[in-house]
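Worksheet: one structure, shown below.
When reading the values below, keep in mind they use all heavy atoms of this one structure, side chains included, and skip hydrogens, waters and symmetry mates. Chain identifiers are assigned alphabetically (A, B, ...) following the order of the sequence lines, protein sequences preceding nucleic acid strands; residue numbering begins at 1 within each chain.
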Amino acid sequence: MPELPEVETVAKGLAGAISGKVIEHVTVNRRDLRRAIPDGLEKRLTGKRVKEIKRRGKYIIIEIRGENTVILHLGMSGRIRIYAPDESYEPVKHDHVILSMRDGSKIVFNDPRRFGMLYISESKDWQKDLPFSQMGPEPLDNWSARDLFQKLSQKKVPIKNALLDQGIVAGLGNIYVCEALFEARIDPRRLSSSLSLEECDSIIKAVKSVLERAIKAGGSTLKDYRHVDGSLGYFQNSLSVYDREGQDCANKQCGDKIRRITQSSRSSFYCPSCQNAHNN
DNA sequence: ATGATGTCCTGGGCGC
DNA sequence: TGCGCCCAGGACATCA
């Protein structure tokens, strides 16, 4: 379940491996992912040079010289594996796309659950395309409490759901929303429109803090996620509430236990004592 | 228009 | 050991 820190880690790994390099051959084994891999992808990318790799929300943006931008989303279970020129590539189940670079390295996109996407932007400027045209701010860039407060003031959904909405802020998923709300000491059930400007500021600080620490740790490996070299992230060891139902609250003086509830048929984890639901 | 619910998909974990 | 069941969840479709 890659969220911003995991996607950032993969994007950085990809950038180091293929920026400036030429794609010599493209193999697509299976096209029917969440969004079909477009026919013609092979032709359009063969012989092209990779310009730059970026990240926007949970998407990896691969800019190509002389072609529109390649958009990659890892879905839930997607992985990118990079094989150095001297490494031998042994195909495994669910290897859907293989980019063979001119220097002999290979980039493999594997996705068992097929929730991922790999396509080419329709417009010259990918940012004008959906979903980017509708996407909220990058939480680590210029995300302001004023902006969040303004957006939440019209929302009648719990704050947990609002933060998962990519139009409010980009890149957050279930894990980091739970963690950030714990750190901001805000109950996930609080109505979005009930939050004060100060509370929005707390949320922003908590989100930034948890994302920055997770990126430093190389992301969280719960099930599927791996770095591009196959190694693991280790931020899962630093999670305070996510998947810790029944365990002691991380605040030592608290003494309460982490609770799991369901919101919009998704699990939320929180500490009933530290995350107080006054003002609902 | 907004929010709630259902759908896609596979592997892993669980109970019996 | 093996079978069936349920769960994980990001984005999007569909419904009220």
Side-chain angles (χ1 to χ4, degrees), chain A residues 1-11 29-38 55-61 71-80 92-97 109-119 121-122 126 129-136 138-139 150-181 188-194 207 211 214 219-226 232-233 236 239 241-246 258 260-269 280:
Chain A
M1 42 211 90
E3 302 178 30
L4 190 153
E6 293 77 31
V7 177
E8 176 72 15
T9 305
V10 171
N29 294 324
R30 186 159 187 171
R31 316 194 88 91
D32 58 334
L33 307 197
R34 180 72 172 82
R35 167 177 182 150
I37 294 176
R55 179 193 57 73
R56 177 77 171 99
K58 297 172 197 171
Y59 290 78
I60 295 171
I61 310 298
I71 309 294
L72 169 65
H73 193 294
L74 299 174
M76 276 209 48
S77 57
R79 283 187 203 170
I80 294 294
V92 294
K93 204 175 173 184
H94 311 302
D95 280 352
H96 303 313
V97 181
F109 175 39
N110 178 292
D111 184 9
R113 265 165 265 191
R114 312 213 311 277
F115 272 29
M117 311 176 204
L118 179 68
Y119 62 97
S121 168
E122 296 301 330
W126 58 272
D129 270 2
L130 284 171
F132 307 106
S133 55
Q134 303 273 33
M135 200 173 272
E138 280 295 317
Q150 200 276 326
K151 281 185 179 137
L152 293 183
S153 66
Q154 1 230 348
K155 282 267 165 195
K156 293 186 186 2
V157 292
I159 183 62
K160 163 71 189 311
N161 300 63
L163 292 174
L164 287 173
D165 181 343
Q166 303 297 298
I168 301 230
V169 60
L172 300 184
N174 210 27
I175 298 172
Y176 296 108
V177 168
C178 289
E179 293 299 309
L181 286 175
R189 298 167 298 180
R190 280 280 298 284
L191 200 61
S192 298
S193 56
S194 80
V207 167
L211 292 180
S220 301
T221 298
L222 292 173
K223 276 187 186 159
D224 304 297
Y225 170 69
R226 292 285 188 286
L232 308 175
Q236 65 279 6
L239 297 175
V241 291
Y242 184 81
D243 207 18
R244 293 177 51 94
E245 182 182 16
I258 302 308
R260 182 176 76 88
I261 57 172
T262 299
Q263 296 180 283
S264 300
S265 60
R266 296 282 185 262
S267 288
S268 293
F269 300 89
N280 243 337

Problem - Between dT10(B) (P) and D111(A) (CG): distance, integer Å - result: 10 Å
Exercise for the section: Please state whether the phosphate of dG10(C), meaning OP1 or OP2, lies under 4.0 angstrom from any side-chain nitrogen or oxygen of Q166(A). Expected result: no
Problem - Side chain R113(A) and base dA8(C) donor-acceptor under 3.5 Å - result: yes
Fill in the blank from the handout: M135(A) CE to dG10(C) C1', in whole Å, measures 11 Å
Exercise for the section: Indicate whether OP1 or OP2 belonging to dT10(B) is found under 4.0 Å from a side-chain N or O atom of H94(A). Expected result: no
Practice task
Figure out the CZ/C1' separation between R226(A) and dG11(B), and round it to whole Å.
Solution key: 13 Å
Exercise for the section: Taking the side chain as every heavy atom from C-beta outward, state whether L191(A) and I159(A) have any atom pair closer than 4.5 Å. Expected result: no
Handout entry: Gap between atoms CE and C1', on M76(A) and dA11(C) respectively (whole Å)
Key = 12 Å
Practice task
In whole angstrom, give the distance that lies between atom CG of D243(A) and atom P of dG12(B).
Solution key: 16 Å
Practice task
Can you measure from CG (N29(A)) to CG (N110(A)) and round to the nearest 0.5 angstrom?
Solution key: 10.0 Å
Exercise for the section: Going 5' to 3' through nucleotides 2-8 of chain B, assign each nucleotide B (protein heavy atom under 4.0 Å from a base atom), S (under 4.0 Å only from sugar-phosphate atoms) or - (no protein heavy atom that close). Expected result: -SS---B
Problem - Rounded distance in Å - CG (N110(A)) to P (dT10(B)) - result: 13 Å
Exercise for the section: Using atom types as modelled and distance alone, determine if a side-chain donor or acceptor of E3(A) lies under 3.5 Å from a backbone N or O of G171(A). Expected result: no
Exercise for the section: Evaluate the side-chain proximity of R55(A) to L4(A): yes if any heavy-atom separation is below 4.5 Å, no if none is. Expected result: yes
Exercise for the section: State, with a plain yes or no, whether a side-chain heavy atom of V207(A) is found less than 4.5 Å away from one of V169(A). Expected result: no
Practice task
Starting at atom CG of L164(A), determine the distance to atom C1' of dC12(C), rounded to an integer number of angstrom.
Solution key: 15 Å
Handout entry: Partner residues of R56(A) under the side-chain hydrogen bond (donor to acceptor under 3.5 Å, both in side chains) criterion, sequence neighbours left out
Key = E138(A)
Problem - Heavy-atom side-chain contact between K155(A) and I168(A) under 4.5 Å - result: yes
Problem - Nearest-angstrom distance from the residue atom CZ of R35(A) to C1' of dC9(B) - result: 18 Å
